[in-house]
Amino acid sequence: MQLARRIRQIPPSATLALNAKANALKAQGVDVVNFGVGEPDFDTPDHIKQAAVAALESGFTRYTPVGGIPELKEAIIQRFEEDLGLSYRPAEIMVSCGGKHALYNLFQVLFDPGDEVVVPAPYWVSYPPMLMLAEAVPVIIPTREENGFKLTPEELRERLTPRTKGLILNSPSNPTGMVYSRPELEALAEVVLAHDLVVISDDIYNRIIFDGLEFVNLAMLAPELKARTFVLNGVSKTYAMTGWRIGYAAGPEAAIAAAVNLQSQSTSNPTSIAQKASVAALRGPQDFVARMVGEFAWRRDDIYQRLLAIPGVTTPKPEGAFYIFPNFSAYYDRLKPAPGQSRSQALAEYLLEEARVAAVPGAEFGEDACIRLSYATSRERIATGLARIREALEKLGK
Ligand SMILES: Cc1ncc(COP(=O)(O)O)c(C=O)c1O
C-alpha cells in the first residue's frame, strides 16, 4: 500500500534507533544514564491530581466545549495577565491536547502551501515536520554559539523573501536553554514589523528560568506585535504534567476560531478531567514550580561546570528549561560515522556504547556540532553520567 505523500516526506527520527539501542541495553541489565528525557523528573503535585479525582467522582466525564472549558480559559487568562501583563479575551484562547497539538492546529490554519516560515536552528525537533505537514516550507537559519544560539536581526533579514510568512521563536529554548533578552527581541521586532511576519512564540518553558532573569516575549513589547503573535504554552513542563496533554495558544481571534474549528473536526475537546486538573495547576499554590526550578538551577550549575572541565568542550550557560547543548566537535575527527550517519549521531552512539550514557544528537535539532543533554535526572545520575562521558572522551583522544 502506498502511503500518502504528506507522511512520506516526513523523515523518521534518527533518535528512535538510538533509543531502541538504549532500551535494549537496559533490558540486558546494563546501567544506562539517560540524558535524553524531555520531561521533568518530578511527580505532578498532589493538589492537581486531587482536582482530577474530584472531577472524575463528580461525573465530569463528558464532552466539553471544543476549545476548552470557560473555567480553564479564565485561569489561563489570569496567568497571562499576572505573569506577563498580557490581556486576552476567552475567544482569543484555545486549549488543545498538549502544546504540540496547539502548534499543529496553528500551523494548519496560518500557512498555505509554499509559505516560508523561519525556524532558527538549533530548533525543537517537531517544528520542521509539523510545518511540512501544513505544506509550508521551513526556512532553517543557523545561529551562532558565540551569540548564545540566538537569532540576530541581520541573520533574519538576510533570509527573508516575498514568500516569508512566519517566524518561530522558542525561549527558553529546547535544546539550548537560552533566553532572549528584551533588547534582543526589540531588535528582532523591527524586522518582524517591517516584513509583516506572523510570529509563533513557543513559551512552553517560560516559568523554568534561572538567576532571576526576566522573561519577555514579542507579544509583550507592543500592541502591534501582540496583534501578530501567537503565544504557545501549557501545563506539561511547568507542573510536571506531560502525560495529561493540556496545552494552549493565545492570539488573534479569527485564527484561534479557525484552529478551534480544525480541532472540532479532529480531536474535539482535550480530556475533561485533565482540563479540571489544569485549572488547579494554574490557580493553585505555585510553590512547587519554585522548588522544581531551584533544583533545575542547581543541576544546571553542576552539569555546566562538569562539561567545561572536559578539555575541548564549549557551551553557553543555559538560562532556562532543563537542557544543555555542549559542543563536542573537538572530538569528531576521531570518530568514524557509518554511511549516512551524522557526526553527532556517531558520537551519541559511541557515548551509549562506551559510556552507557544516552543523549540526543545535535543533528536532530539542526546543529551537528552539539549533543543535547537533559538534566531532568537526579544529581547523582548527573555526576555518574558526566564522569563516564569524560572518561569515554579521554579514551577517544588516545
Ligand atoms: C519547545 C517545545 N515546545 C512544545 C512542546 C510541547 O509540549 P506538550 O505537547 O507536552 O505541551 C515541547 C515538548 O517537548 C517542547 O520542547
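Indexing begins at 1, ligand by ligand and atom by atom, following the structure's order.
Using a cut-off of 4.0 Å between Lys/Arg side-chain N and Asp/Glu carboxylate O, Asp31 and Arg381 are scored as salt-bridged.
Under the 3.5 Å distance criterion, the side-chain polar atoms of Arg343 are left unmatched by any main-chain donor or acceptor of Ala369.
If you check the side chains of Asn217 and Asn206, you find no donor sitting under 3.5 Å from an acceptor.
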Give the table of side-chain donor-acceptor pairs shorter than 3.5 Å for residues 117-127, with sequence neighbours excluded, one pair per line with atom names and distance.
unit_1 : atom_1 : unit_2 : atom_2 : d
Tyr127 : OH     : Asp202 : OD2    : 2.6

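Protein residues are said to neighbour a ligand when one of their heavy atoms lies under 4.0 Å from it; for ligand 1 these are Gly98, Gly99, Lys100, Trp124, Tyr127, Asn170, Asn174, Asp202, Ile204, Tyr205, Ser236, Lys237, Arg245.
Put simply, the residue from Asp211, Asp302, Asp301 that forms a salt bridge (charged side-chain N to carboxylate O under 4.0 Å, His left out) with Lys317 is Asp301.
Residues Phe296 and Phe42 place their aromatic rings such that the two centres sit under 6.0 Å apart.
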